[in-house]
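All residue numbers refer to positions in the sequence shown, counting from 1.
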Amino acid sequence: VQQGPLSLQQSDRYFRFEFAVLDYFAPDRNRYRYRLEGWDPDWIEGEGRAEAVYMNLPAGSYRLRVQGSNHDGIYSRNELTLPIELHAPWHASAAAQGMAVLAILGGTLALIWFAIDRRRQRQVYLHDLHEREERLRVALWGSNESYWDWDMATDTLRREGAERVLGRQVATVASREDYRTRDIHPDDYERVMGCVAAHARGDSEHFEAQYRMRGGNGHWVWVCARGRVVERSAEGRPMRMAGTLRNIDAERAAERERALAAEVLASMAEAVAVLDAELRFVSVNPAFERLSGRSADQLTNAELSALSTTRQAEMEFDAIRAILRAEGLWRGELWQRRADGVEYLLEIELRRLGGQVGSRESELIVAVGSDVTEKRRAEQELRYLANFDVLTGLPNRTMLLSRLGTAITRARSLKEQVAVLFIDLDRFKPINDSLGHAAGDELLRSLGRRLTEVLGPEMLVARLAGDEFTVVIEHVRDTATVY
């Protein structure tokens, strides 16, 4: 007798139940019917077969009911009842299926999240790429440069922003042949390709060349191309090269002007030097080297005051610096000493450059000077000859008239008088004729010295001509005192 439900495994899949009745009078006339509750909707007639077969039943609880008849075909009220538990395998259990569903759901969610994350990352990447491209485009626009990318495998050149550099419309994609025949100057092509080949061989860290390209209105413009190989094949053969292109027309013009200015500066007769704000030498031209007797290396970083011969040099140059800071210009004369110790008078103009305040240019000072020692000596001699007698060293007629006019004006303002004495030597001509002009000249010089010593510096002693002398006496209150 079966105690409890019959336990079966779903994995067996094929189940066959056999049964019989206790009527042995005519067994071939016995009939059966059965029903598996939980699976069969109604009774199933066995039609003489004493078995029931089931296949691929789902896991669960069932009850097999079997009824049999006698040889007269009458079914007994007593039936066979067999509870059955069909156990599913572990992987087909509800828990396992639930876990599988959860796993599938989790995997699906993970795939969805991964796809969303990949899409987000791609969007971020594309956004960053767009921003980098935009920043590159703005940078190239701001620097007035263009970008080029040369696919060396296909010999195709791609350019962006070349219109700003050349001043004309330029094809974005061009072959090297187009570049050679339409863009670059014929005289520069071989040289530029030589620079490219040298860099491709590894002879230089980067490619750089200055050459001419066709610009707007058919004019040639100077450009500077810089770049490097960014991709090589497994064999080391260059596959791709990229870089920038910049218009250097203005730079070359400025360079020509600087070279011309340097040539003019070097050939100038005037001594020219560039000083910093503290009046230290930055550079000098050859004329300044010749004037000072020192080389450019010796003068660099030396102070202008170091060449001065005056004891008050520092105070004098402090005043010069103050004037330069306030007005930006100082003119004057400075006594300087050459390297061999010879002193000379330097006429110099110091002018601060007109750069923006705080810039290096605004802190530089240009000095232009010349040696005026002989010029000032000649001027002094001319002034001396114009106002003093060569023989006696006394003031001459011109000086006398000037000083006399000043004395009269001063006397009028002070309510005083001016006395003028005329002195003439008697028998001077016989001395000249008998003893010679040298003796006569010595007599005149001696008289001039004696008059000056006797009368003192308060009175003016002058020689009019020949043996005639004049004395001017100021601050006379009583004419009797003159005699």
Side-chain angles (χ1 to χ4, degrees), residues 308-313 315-316 331-338 340-348 369-483:
S308 179
T309 61
T310 60
R311 295 182 179 180
Q312 296 80 18
M315 296 178 58
E316 183 180 17
R331 294 189 184 93
E333 296 177 352
L334 300 172
W335 278 103
Q336 305 278 284
R337 181 180 287 108
R338 292 190 177 92
D340 57 5
V342 176
E343 295 183 0
Y344 63 96
L345 184 62
L346 177 67
E347 183 181 53
I348 190 170
S370 58
D371 184 357
V372 295
T373 308
E374 295 301 325
K375 178 182 178 182
R376 293 292 180 264
R377 183 179 292 114
E379 291 175 353
Q380 186 175 0
E381 290 178 358
L382 289 175
R383 283 195 298 269
Y384 183 84
L385 293 174
N387 294 283
F388 293 88
D389 178 55
V390 177
L391 178 63
T392 62
L394 297 175
N396 60 14
R397 181 186 299 273
T398 304
M399 185 73 155
L400 171 64
L401 295 176
S402 175
R403 293 282 294 275
L404 181 60
T406 302
I408 293 173
T409 302
R410 186 163 44 243
R412 286 175 179 173
S413 63
L414 297 176
K415 306 297 183 182
E416 296 176 343
Q417 294 178 332
V418 176
V420 180
L421 304 179
F422 290 94
I423 302 174
D424 184 19
L425 294 180
D426 293 336
R427 294 183 295 278
F428 176 71
K429 188 175 184 303
I431 295 175
N432 232 3
D433 293 339
S434 60
L435 300 178
H437 291 285
D441 292 344
E442 181 60 31
L443 177 61
L444 293 175
R445 283 194 291 268
S446 177
L447 177 61
R449 285 194 299 270
R450 291 184 181 183
L451 288 173
T452 303
E453 291 173 357
V454 171
L455 297 176
E458 293 83 7
M459 300 183 187
L460 174 66
V461 179
R463 180 191 178 199
L464 292 180
D467 58 352
E468 297 177 355
F469 292 84
T470 303
V471 177
V472 178
I473 305 174
E474 295 188 66
H475 310 295
V476 177
R477 297 184 180 277
D478 186 0
T479 56
T481 60
V482 177
Y483 305 100

Are the side chain of [X] and the backbone N or O of [Y] linked by a donor-acceptor pair below 3.5 Å?
X	Y	answer
S402	T398	no
R412	K415	no
S446	E442	no

Which atom pair, heavy atoms only, marks the closest approach of [X] to [Y]?
X	Y	result
D467	F469	O-CD1, 3.6 Å
L345	T373	N-OG1, 2.7 Å
A411	V418	CB-CG2, 3.6 Å
L394	G448	CD1-CA, 3.8 Å
R338	E343	NH1-O, 4.5 Å

First locate atom [atom1] of [X], then atom [atom2] of [Y], and finally report the distance between them rounded to the nearest 0.5 Å.
X	Y	atom1	atom2	result
R410	H475	CZ	NE2	6.0 Å
L425	E468	CG	CD	9.5 Å
M399	D389	CE	CG	12.5 Å
L447	R463	CG	CZ	10.0 Å
L444	F428	CG	CZ	4.0 Å
D426	I431	CG	CD1	10.0 Å

If you measure from the Lys or Arg side-chain nitrogens to the Asp or Glu carboxylate oxygens, is any gap between E453 and R450 under 4.0 Å? no
Would you please test L404 and T470 for side-chain contact (heavy atoms from CB on, under 4.5 Å) and show each step? CA-CA 11 Å; L404 181 60; T470 303; over 6 Å; no
Run the numbers on N396 and F388 for side-chain contact (heavy atoms from CB on, under 4.5 Å), then give the verdict. CA-CA 5 Å; N396 60 14; F388 293 88; 5.6 Å; no
Check: [Y] and [X] side chains under 4.5 Å, non-hydrogen atoms:
X	Y	value
L451	I423	yes
V476	E416	no
E379	R383	yes

Partner of L400 under side-chain contact (heavy atoms from CB on, under 4.5 Å), picked from V420, V461, N387, L464, is L464
Does R445, at its CZ atom, have more than 12 non-hydrogen atoms belonging to other residues, nucleotides or ligands within less than 6.0 Å? yes
